[in-house]
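Comments concern the structure below.
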Amino acid sequence: MLPAQQARLAADIAELADHHGRCRSALLPILQGIQRDHHQISDFAMQEVARQLDIHPVEVYGVVTFYSFLNTGREGRMVVRLCRTISCDMQHKDRIARQLENDLGIKFGDTTSDGRFTLQWAHCLGMCDQGPALLVNDQVFTRVNCEQVHEILENCRKTFTASGHVLTTGHGHGTAKEAFAR
Amino acid sequence: MSTRNPILFNDIPAESGLRRALEMHPLDIVAEVRASGLKGRGGAGFPTAMKWQLAAAAEGATKYVVCNADEGEPGTFKDRVLLSDFADLVFEGMTIASLAIGATGGIVYLRGEYTYLVAHLESVLARRRQANLLGNDILGRKDWNFDIVIHLGSGAYVCGEETALIESLEGHRGEPRNRPPFPVNTGYMGRPTIVNNVETLCLAARVLARGATWFRQYGTHASTGSKLFSVSGDCAKPGVYELPMGITIADLLVEVGGLGAKAVQVGGASGHCVPSRLFDRTLAFEDAPTGGSIIIFGQQRDMLAVARNFMEFFVDESCGQCTPCRYGNSVLLDGIERLEKGTCSIRHLNELKALGETMELASKCGLGQSAPKAFLSIIEHFHDEVLGREPPHFAA
């Protein structure tokens with residue numbers, strides 16, 4: 001990681017610690033914030049959190065590796081989690097799983113090479129009466145069929161286009177439409 | 001007397017429980033809950049009033065009310081409905097509890113999978129603060145100060161266990177604690193803490209609104225009131241149903257359009273599998289208890305595949321702290337694989353049963369103690385179906 005990136009990550013962590021507090025009970029909210037914004041809790045991030053909260057880095061590592069929504073390795077910007085529990089299983093989650101693998105070109109547990117998508121299994125999402133269900137980051141989708149897999153992923157891809165476009169135009173450069181035409 | 005939607009989904013005026021509690025002495029609130037016979041709706045069925053009374057009696061100026069919204073039991077989704085459509089009732093229940101035990105802090109431990117509910121819950125909390133239903137001197141009652149924050153989980157089923165939940169709140173791995181001490185004495189940050197299920201808190205608010213006698217007219221002697229059932233699987237009308245405690249499985253199947261089922265899983269992955277010949281069993285703490293999960297299996301379902309799904313769940317979700325659970329679940333899953341391949345001797349199956357019984361006795365927390373139940377009940381009731389299978393064929 002470049003020093004500039006490290007400095008930015010450290011500043012983000014300091015901001016999260018300012019917001020949630022510098023105590024042990026703020027650890028999970030801080031880690032959740034890092035995961036959300038950086039899609040990974042790296043060694044450097046864990047050391048920095050430990051420094052900010054004045055605890056041993058291994059304490060942080062122990063927590064990160066315990067929870068399935070926190071990861072030391074890099075995740076995609078969109079994490080797709082398909083429910084594998086019995087009620088969704090009986091509603092043909094296997095077909096949705098195959099379609100997701102086909103449309104993303106990866107297997108469960110993997111991340112696309114462009115860093116956009118990670119595909120994972122989830123346990124019961126609490127949507128058993130309207131399965132198969134999946135989460136894309138925080139958003140839930142129910143009664144998903146194979147065709148909708150394509151739609152959902154395409155909508156995610158549009159989000160990437162939109163945010164990429166915001167990055168290139170920055171502030172104050174006319175309307176979004178004009179900027180896009182350029 | 002209608003048996004559908006008697007208590008929670010009933011049209012009772014908002015905040016009427018809170019307003020009545022406002023006039024009462026904290027000990028009388030606990031007494032009212034005790035008289036109602038309300039038991040915890042998360043699945044374990046611990047008497048709610050006893051928790052409240054112990055926390056109320058505990059020394060300390062700082063106490064906490066924790067709402068357990070870590071709804072992770074496979075097949076359970078009633079708390080999602082309560083949090084979406086009855087958030088005010090949940091917070092009303094927490095606020096009443098704060099008065100009963102003398103708590104100043106409230107925490108909703110919301111599972112990470114329900115992050116999409118946070119915005120809604122925060123807006124309800126903001127509105128309640130504005131209406132002085134939270135904050136300082138609530139509704140003009142001097143020195144009744146209480147507020148609620150939301151704390152998100154991060155995808156760990158075991159955090160639904162109350163001491164694991166507290167560990168998680170404190171920023172640790174969600175590993176269950178030894179008990180005693182119990183959270184009512186040594187809970188969040190070492191302070192007296194009650195941890196109640198979402199539905200329990202809602203019901204407590206209703207008990208205060210309408211009184212214990214009204215509440216007791218529903219349900220059975222040992223299981224008073226109503227229960228929310230999260231119904232999924234092979235039935236015509238899956239969804240959340242509010243029905244009196246003590247309803248038979250057969251009657252519930254009529255209600256949800258699940259006639260002709262082969263079996264029903266009562267209580268999710270950590271519950272029992274009940275075959276059709278036992279559908280006259282009642283859904284109550286004294287018979288077939290459930291935190292609400294009802295999964296219906298039609299005649300076409302392979303019960304060994306069901307057992308495998310549940311075992312995979314527990315292998316993944318065991319926190320790994322104690323050996324019976326960490327290792328036992330993997331051994332049971334291996335046994336299921338042998339049964340699938342048709343290579344499991346009856347002697348080995350008997351060993352697996354003994355192992356399951358050991359896990360029930362020797363595991364540290366409720367997760368490990370109930371993990372083998374589904375496996376054991378499926379082996380018991382569907383013996384013929386799971387033994388002597390032909391190995392799966394693969395196309396050459």
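Keep in mind that this is a model prediction, so the values were computed, not measured. Just so we're on the same page: letters track the sequence lines, and every chain starts at 1.
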B/S168, part contacting chain A, at a heavy-atom distance under 4.5 Å: both
Which residue out of B/G112, B/C319, B/G171 racks up the most heavy-atom pairs below 4.5 Å with chain A? B/G171
Point-to-point distance, once rounded to the nearest 0.5 Å, from OG of A/S25 to CD1 of B/I166: 13.0 Å
What is the distance from atom SG of A/C88 to atom NZ of A/K93, rounded to the nearest 0.5 Å? 9.0 Å
Look at the rings of B/H151 and B/Y109 and say which category their plane angle falls in: under 30° parallel, 30 to 60° tilted, over 60° perpendicular. parallel
Under 3.5 Å, is there a donor-acceptor pair between the A/E48 and A/Q6 side chains? no
Please state whether the side chain, the backbone, both or neither of B/E73 comes within less than 4.5 Å of a heavy atom of chain A. backbone
State plainly whether the residues A/R24 and A/E59 are in salt-bridge range, i.e. N to O under 4.0 Å. yes
Is the count of non-hydrogen atoms from other residues, nucleotides or ligands lying under 6.0 Å from A/E154 atom CD greater than 12? yes
Interchain contact, B/I295 with chain A, by part (heavy-atom threshold 4.5 Å): side chain
Given the options B/G320, B/S232, B/A156, which has more heavy-atom pairs under 4.5 Å with chain A than any of the others? B/S232
Could you have a look at B/K78, B/R111, B/R308 and say which one has the most heavy-atom pairs with chain A under 4.5 angstrom? B/R111
Should we count CZ of B/R177 as having more than 12 external heavy atoms under 6.0 Å? yes
Between A/G131, A/C124, A/A26, which shows the greatest number of heavy-atom pairs under 4.5 Å with chain B? A/C124
Is there a side-chain contact between B/D70 and B/L110 (heavy atoms, below 4.5 Å)? no
In terms of heavy-atom pairs under 4.5 Å with chain A, the winner among B/G239, B/G72, B/G75, B/G174 is B/G174
What part of B/E71 gets closer than 4.5 Å to chain A, counting heavy atoms only: side chain, backbone, both or neither? neither
Which bit of A/R84 is near chain B, if near means a heavy-atom gap under 4.5 Å: side chain, backbone, both or neither? both
Contact class of A/I86 relative to chain B, heavy atoms under 4.5 angstrom: both
Answer key: most heavy-atom pairs under 4.5 Å with chain A among B/R173, B/Q265, B/E113 is B/R173
Under 4.5 Å to a heavy atom of chain B? For A/Q130 that would be side chain
Is any side-chain heavy atom of B/D234 less than 4.5 Å from a side-chain heavy atom of B/Q300? yes
Greatest number of heavy atom pairs closer than 4.5 Å to chain A - which of B/D316, B/T76, B/V158, B/I296: B/D316
Can you tell which part of B/Y114 gets under 4.5 Å to a heavy atom of chain A, answering side chain, backbone, both or neither? side chain
Please find out if less than 6.0 Å separates the ring center of A/F117 from that of A/F160. yes
Check each atom of A/D138 against the heavy atoms of chain B and say whether the ones under 4.5 Å are side chain, backbone, both or neither. both
Quick check: B/Y188 with B/Y64 (ring centres under 6.0 Å apart)? yes
Counting heavy-atom pairs under 4.5 Å with chain B, which one of A/L125, A/L27, A/L31 comes out on top? A/L125
